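Data block below; observations after.
Throughout, a chain's letter reflects where its sequence line sits, starting with A, and its residues are numbered from 1. In this text, all values refer to a predicted model and were calculated from it rather than measured experimentally.
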Number of protein chains: 2
Amino acid sequence: MTVEPVDPLFADAPNAEIEAVEENTRHDSLDEDNQLKSDFVRRVRNALDAGEVDAVYALVEPLHPADIADLFEQIDADERPALADAISDLMGGEVFAELNDHVREGLVDELSAEDIADIAEEMETDDAVALLEDLEPEEQQAVLAEMEPEERAAIESALAYPEETAGRLMSRDYIAVGEHMSVGELIHYLRDNKDLATEFWEVFIVDARHHPVGTCQLSWILRTDRHVTLSNVMKRDQTLIPVGMDQEEVALRFQKYALISAAVVDESGRLVGQITVDDVVHIIQEEASEDILRLSGAGDGDINEPILMTVRTRLSWLVVNLGTAIIASSVVGLFQGAIARFALLAVLMPIVSGMGGNAGTQTLAVVVRAIATNELTSSNTVRMVLRELRIAIANGLSLGLMIGSGTTLLFGNPHLGAVIGAAMVINNLVAGLAGILVPVTLDRLRIDPAVSSAVFVTTATDVMGFFSFLGLAVLTGLA
Amino acid sequence: MTVEPVDPLFADAPNAEIEAVEENTRHDSLDEDNQLKSDFVRRVRNALDAGEVDAVYALVEPLHPADIADLFEQIDADERPALADAISDLMGGEVFAELNDHVREGLVDELSAEDIADIAEEMETDDAVALLEDLEPEEQQAVLAEMEPEERAAIESALAYPEETAGRLMSRDYIAVGEHMSVGELIHYLRDNKDLATEFWEVFIVDARHHPVGTCQLSWILRTDRHVTLSNVMKRDQTLIPVGMDQEEVALRFQKYALISAAVVDESGRLVGQITVDDVVHIIQEEASEDILRLSGAGDGDINEPILMTVRTRLSWLVVNLGTAIIASSVVGLFQGAIARFALLAVLMPIVSGMGGNAGTQTLAVVVRAIATNELTSSNTVRMVLRELRIAIANGLSLGLMIGSGTTLLFGNPHLGAVIGAAMVINNLVAGLAGILVPVTLDRLRIDPAVSSAVFVTTATDVMGFFSFLGLAVLTGLA
């Protein structure tokens with residue numbers, strides 16, 4: 001979105017005394033971990049309950065937009081519209097950009113298309129897209145109809161790209177100039193054209209076809225003599241992001257090459273936008289969190305999600321696991337006779353299956369993260385499988401020896417000790433192999449290993465835990 | 001570390017034709033996911049095996065330092081010294097900065113103190129600190145003795161701060177000027193002083209005591225008339241990082257306030273360094289990964305860690321879990337008589353305990369992430385506990401009804417169906433409550449909830465799963 005022609009002279013020169021007061025007030029509201037103090041949140045809620053709109057405003061006004069967004073997440077859903085009303089002129093694009101998706105949806109539902117359009121116009125394109133992409137199609141159209149043609153066009157072109165791609169993330173506000181310009185000419189160009197972007201960290205150098213040929217960090221420009229041409233300042237070798245690239249891949253590139261911003265190009269190689277690292281930081285955090293939550297079957301794990309949605313996500317995962325639990329239980333069912341004759345088997349069998357589950361989960365967590373961060377690749381898969389196998393043998397033998405000798409001593413039954421020790425070794429091997437082979441195979445099949453691996457691995461360790469222990473007991477004539 | 005007085009005119013003006021060739025070669029080595037192609041890795045290994053040093057060099061030379069670092073991680077540990085020898089003049093600070101800690105340690109062990117000092121001098125302070133902090137104290141002293149006094153002093157002062165704090169992360173290369181300077185004077189200052197930093201994204205404005213009073217993004221400077229004084233361009237309100245702040249907290253600030261760089265201040269408020277977002281991105285990734293790995297008891301989960309270290313970490317976690325498994329098993333032991341009379345109880349009991357474990361893990365994953373990202377705070381704990389309780393009731397009733405009616409139909413035994421259904425409801429409640437109360441309590445006690453929660457939660461769900469099911473069976477006269 002085009003930034004208003006703000007003159008930095010006036011935009012960023014607040015009165016120093018007022019700032020000092022604000023700093024103090026802000027320190028009253030934040031604790032040492034930079035979280036809103038619970039005492040502060042309570043004062044806001046009390047003022048809201050009492051209908052003291054001015055008091056609410058006075059409390060919230062010194063906060064940074066990111067902290068105002070946090071405040072909405074800290075209070076109950078039914079208090080949020082009243083807070084939004086009380087501080088309506090603080091509810092700008094910056095606050096909405098920082099709000100949790102579900103909290104934002106709740107607030108946006110209360111707003112007219114015109115209000116939403118006003119907020120979206122204040123935002124950078126990528127944030128405005130994030131706001132509009134969750135609206136119902138009719139509402140989205142109504143909001144777009146209220147917007148300025150230029151901003152509307154920018155958002156519509158972003159919405160034309162698939163969700164979670166570079167096209168949705170990028171901003172159309174970037175600086176691009178030709179390589180024959182000198183440093184002095186560039187500075188004049190930036191000073192004289194008031195409607196250029198203000199948030200940029202590098203200047204892209206493009207050829208006549210608008211293809212990027214190099215990039216200049218702003219610090220290089222500031223440190224170079226005004227007569228030098230940009231072709232002699234720029235770095236030709238730069239990381240270009242294809243507009244259709246998945247956002248997780250974009251985040252990995254930023255991380256790997258320590259990028260602050262990067263040029264986005266379309267299929268023909270034309271420069272169409274830029275992505276800055278502050279938008280990527282959220283993705284890195286989200287993608288890493290996603291893996292932990294998906295491995296545990298907790299969906300998005302968003303604590304602001306409507307509760308019915310959460311129940312549905314978690315329950316469907318639990319039902320899948322119920323299926324695997326029934327399969328494991330039917331293995332035990334095969335040995336009912338042996339258990340009736342020797343009930344101690346039933347007492348000990350959960351140890352074998354449970355320990356296998358723990359070992360499998362360890363391997364799975366390591367492998368899922370290594371796949372996500374591109375550390376585990378086709379070049380080193382064989383080495384990693386052998387590594388997990390050796391770890392499984394070492395752990396299995398250690399645990400088997402411990403539980404085997406403990407059982408022998410406690411129950412005075414070396415036969416039982418040998419059976420549980422051997423079963424423990426077998427199940428640790430199953431755990432280690434399943435823990436790496438399942439996610440690697442799913443990844444080759446282009447299925448997210450974080451989502452589906454755990455079911456297969458725990459089924460394997462449960463089934464093999466019961467089968468190896470009870471099977472060995474029967475086979476060796478223990479029961 | 002002080003950057004060499006490089007003139008951007010010469011530093012970044014590579015020959016365009018050579019670059020074009022390099023680009024092609026680089027595309028030969030990377031696949032569509034930007035990973036090194038396994039075919040490329042194989043060619044390097046074959047050339048290494050054959051002792052064709054020139055061929056190895058020709059293959060590796062076009063790679064970005066981050067990709068060279070990846071290559072070391074892809075090949076076997078015993079091949080790495082040979083590769084380092086073959087490409088020794090490519091093994092600069094940038095490659096070492098990108099290497100995995102364990103891989104780097106392996107290579108550094110082969111180098112003399114003088115070589116290490118040369119590499120460290122090429123690096124930014126924070127990367128040099130990361131290289132030196134893992135050395136043995138005597139070796140560290142030997143390396144420091146080989147370094148230039150100025151760089152040595154910078155590293156020693158960084159090493160004086162505790163590990164994982166802002167003091168270790170920050171760079172001493174920043175730009176700080178007084179507020180009465182004009183934009184034009186600042187640009188002259190930056191052009192004329194060749195030994196200033198080249199990597200900076202904002203200029204800090206300081207008072208006579210070197211306390212930060214404001215900050216100017218470089219884009220604002222470039223867009224403002226040369227006669228304007230900096231006090232009229234700068235933003236007074238900025239996020240200052242105390243030098244002793246934990247790196248995880250630093251990362252949360254960068255994320256929350258969308259920072260590109262930030263000033264670091266000492267106890268007296270003096271500006272002592274700057275942190276840039278590219279160093280923080282790694283931390284965000286690491287901290288989020290850490291939670292998943294710790295919850296699973298996989299330690300750091302680093303696939304390059306020496307295998308004995310991995311076995312020790314994982315085994316100690318498994319031994320703790322063996323203890324909890326024995327506790328759970330002893331609960332089953334209380335009901336041996338009932339199981340001997342009615343072996344079907346042993347068949348069904350793992351379903352109740354296992355499902356409780358799954359539900360507890362879901363809640364735990366959500367809560368651990370919400371605590372880590374400051375979303376779950378003292379202001380909304382009660383609301384979140386009630387939320388998890390409602391989810392647990394909904395899931396418990398659904399699963400209890402399913403397994404209860406299924407058991408009734410399959411075994412023609414409504415009494416057994418009622419017992420397992422009720423036990424399932426009870427254990428889901430235990431899972432939901434333990435899943436949130438355990439990590440919240442540990443966090444209050446300043447214990448990392450990701451490390452220790454899982455043991456308590458799975459012990460609770462195992463014990464209560466067996467106890468509620470077998471206990472209800474005996475109590476109601478089923479066996």
Side-chain angles (χ1 to χ4, degrees), chain A residues 8-9 12-13 19 35 38 41 66 74 190 200 218-220 222-224 232-233 235-236 255-256 258 277-278 281 284-285 288-289 292-293 296-298 301 303 311 314-315 321 325 329 332-333 336 339-340 343 346-347 351 354 358 361-362 365-366 369-370 374 377-380 391 394-395, chain B residues 8-9 12-13 19 35 38 41 66 74 190 200 218-220 222-224 232-233 235-236 255-256 258 277-278 281 284-285 288-289 292-293 296-298 301 303 311 314-315 321 325 329 332-333 336 339-340 343 346-347 351 354 358 361-362 365-366 369-370 374 377-380 391 394-395:
Chain A
L9 179 58
D12 295 296
E19 275 297 323
Q35 296 176 11
S38 55
V41 176
Q74 297 292 321
L190 292 173
F200 58 95
L218 301 190
S219 61
W220 305 342
L222 282 167
R223 301 220 39 212
T224 305
N232 288 324
V233 185
K235 188 167 151 235
R236 287 176 197 276
Q255 210 179 331
K256 180 169 178 180
V277 68
D278 52 318
V281 162
I284 293 172
Q285 159 85 39
S289 285
I292 192 175
L293 295 162
S296 317
I303 61 173
V311 169
R314 294 207 204 162
L315 189 57
N321 275 280
S329 137
V332 181
Q336 269 189 80
I339 290 172
V347 175
I351 298 178
N358 288 326
T361 305
Q362 286 181 332
V366 172
R369 284 312 297 156
N374 281 348
T377 67
S378 50
S379 301
N380 61 4
I391 295 170
N395 286 346
Chain B
L9 179 58
D12 296 295
E19 275 297 323
Q35 295 176 12
S38 55
V41 176
Q74 297 292 321
L190 292 174
F200 57 96
L218 302 190
S219 60
W220 305 343
L222 283 167
R223 301 219 39 212
T224 305
N232 288 323
V233 185
K235 188 166 152 236
R236 287 177 198 275
Q255 212 180 331
K256 181 170 178 181
V277 67
D278 52 317
V281 162
I284 293 172
Q285 159 85 38
S289 285
I292 192 175
L293 295 162
S296 317
I303 61 172
V311 168
R314 293 207 203 163
L315 189 56
N321 275 279
S329 136
V332 180
Q336 269 187 83
I339 290 172
V347 175
I351 298 178
N358 287 326
T361 305
Q362 286 181 333
V366 172
R369 284 313 296 155
N374 280 349
T377 68
S378 50
S379 301
N380 61 4
I391 295 170
N395 285 345

Which heavy atom of [X] sits nearest to which heavy atom of [Y], and what is that distance?
| X | Y | answer |
| --- | --- | --- |
| A:V366 | B:A298 | CG2-CB, 3.6 Å |
| B:S38 | A:S379 | CA-OG, 3.2 Å |
| A:V347 | B:Q336 | CG2-CG, 3.5 Å |

Identify which of [options] forms the greatest number of heavy-atom pairs closer than 4.5 Å to chain A.
| options | result |
| --- | --- |
| B:V41, B:N380, B:N395, B:L293 | B:N395 |
| B:I292, B:I339, B:I351 | B:I292 |
| B:S329, B:A258, B:A394 | B:S329 |
| B:I284, B:T377, B:I391, B:I303 | B:I303 |

* Do the non-hydrogen side-chain atoms of A:L218 and B:S219 ever get within less than 4.5 Å of each other? -> yes
* Asked: Do the side chains of A:V277 and B:D278 get nearer than 4.5 Å, heavy atoms only?
  -> no
* Asked: When heavy-atom pairs shorter than 4.5 Å are enumerated against chain B, which of A:L315, A:V281, A:T361 gives the highest number?
  -> A:L315
* Asked: Judged by atom type as modelled, is there a donor-acceptor pair below 3.5 Å linking the side chain of A:R223 to the main-chain atoms of B:L190?
  -> yes
* Is a side-chain donor or acceptor of A:Q362 paired with a backbone partner of B:R314 at a separation under 3.5 angstrom? -> yes
* To do: Under 4.5 Å heavy-atom distance to chain A, tell me which part of B:A370 shows up: side chain, backbone, both or neither.
  => side chain
* Asked: Between OG of A:S296 and CZ of B:R369, what distance do you get to the nearest 0.5 Å?
  -> 11.5 Å
